[in-house]
Amino acid sequence: MSQSGLRALTRDWSSSSTDTELYSWPPTSQTQSAPAPTPTLTAKEQRMRAIQAGLSQPQGAGPLFSSSSKKRSSDGADNLEPPAKKRLMPWNTLSLDGKDEDPTEEKPATSMGAPVSQRGTAKVFLSQEQKHILKLVTHGSNIFYTGSAGTGKSVLLREIIRALKQKFTTALDAVAITASTGIAACNIGGVTLHSFGGIGIGVETAEQLANKIRKNKKATGRWLRTKVLIIDEGPFSAPGFLASPDSIQYPWSTVNCSIN
Ligand SMILES: Nc1ncnc2c1ncn2[C@@H]1O[C@H](COP(=O)(O)OP(=O)(O)OP(=O)(O)O)[C@@H](O)[C@H]1O
């Protein structure tokens, strides 16, 4: 037994450095390139490392993972993945091009030069013409104003209504807001002229309409309490009702109600 090859081989393993180099495993070069073992980590720390590694995976890439994916790209380990797309949100629309909006900065003026308040409602600054008409109305003049589309008639009318309501704060029904059509009346918070006046469809003569109003106590009361009658889109009223300056004044002058 002492001359067997097994005995000789055992002796060679323990004594010969050459044999050790030939049969050593794993190879020295691969051992150096392998990740360093972490024998000092506890089981809890190893679990935490595993969870963090799982969270840093590219799937579901979003803002939460953007930093880790950037880190991988800088390391050169995973530079084929496209960068995460920045989501376009209302609060960062301007910051995409590097121009952050200052929320405390005052908004620019509107096209009409009116500054925008913080609530987003524009304060109206009337033109000289609009101011002139408003002044005439508040001083008690009878006014008919017209103009092309978009010249500010409706804006002026809203200011007139506001000013008259302030002037007649205590008088109930002092300002009658009417229009020739229901839609136009809705736009200014009023009623149709025919509904207010109690004249039905208003196809009779002015004298007949006045008699009709007299017979209607509610309508007569409305006319008598009215200090100012506003008629929007007046030219579209029933033919004959507002056909001429004379007929404009006729109905309420016959029921002893003056515009003032
Ligand atoms: N003094 C003002 N200040 C600010 N904006 C104004 C002023 N006057 C008119 N505008 C603006 O001009 C535009 C047209 O005004 P508006 O609707 O009153 O015109 P309009 O004459 O009533 O037009 P349409 O006859 O078509 O009804 C609106 O956007 C309104 O806000």
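Every number for a ligand or one of its atoms is a count from 1 in the order of the listing.
Near Ser148, with a cut-off below 4.0 Å to any heavy atom, the atoms of ligand 1 are 21 (O). Close approach of ligand 1 to Phe125 (heavy-atom distance below 4.0 Å) involves ligand atoms 1 (N), 2 (C), 3 (N). Close contacts between ligand 1 and Leu126 involve ligand atoms 1 (N) [criterion: under 4.0 Å to a heavy atom].
Considering CD1 of Ile133 and CD of Glu129, their distance stands at 6.5 Å, rounded to 0.5 Å. With rounding to the nearest 0.5 angstrom, the CD atom of Gln208 is 12.0 Å from the CD1 atom of Ile213.
Scanning for side chain to side chain donor-acceptor pair (under 3.5 Å) contacts around Lys153 gives an empty result, with sequence neighbours left out. Taking the salt bridge (charged side-chain N to carboxylate O under 4.0 Å, His left out) definition, one finds that Arg162 meets it with Glu159, sequence neighbours left out.
Side-chain atoms of Ile160 and Tyr145, non-hydrogen and from C-beta on, do get closer than 4.5 Å to each other.
At least one heavy atom of Gly150 sits closer than 4.0 Å to an atom of ligand 1.
Looking at ligand 1, you'll find an N or O of Lys153 within less than 3.5 Å of one of its N or O atoms.
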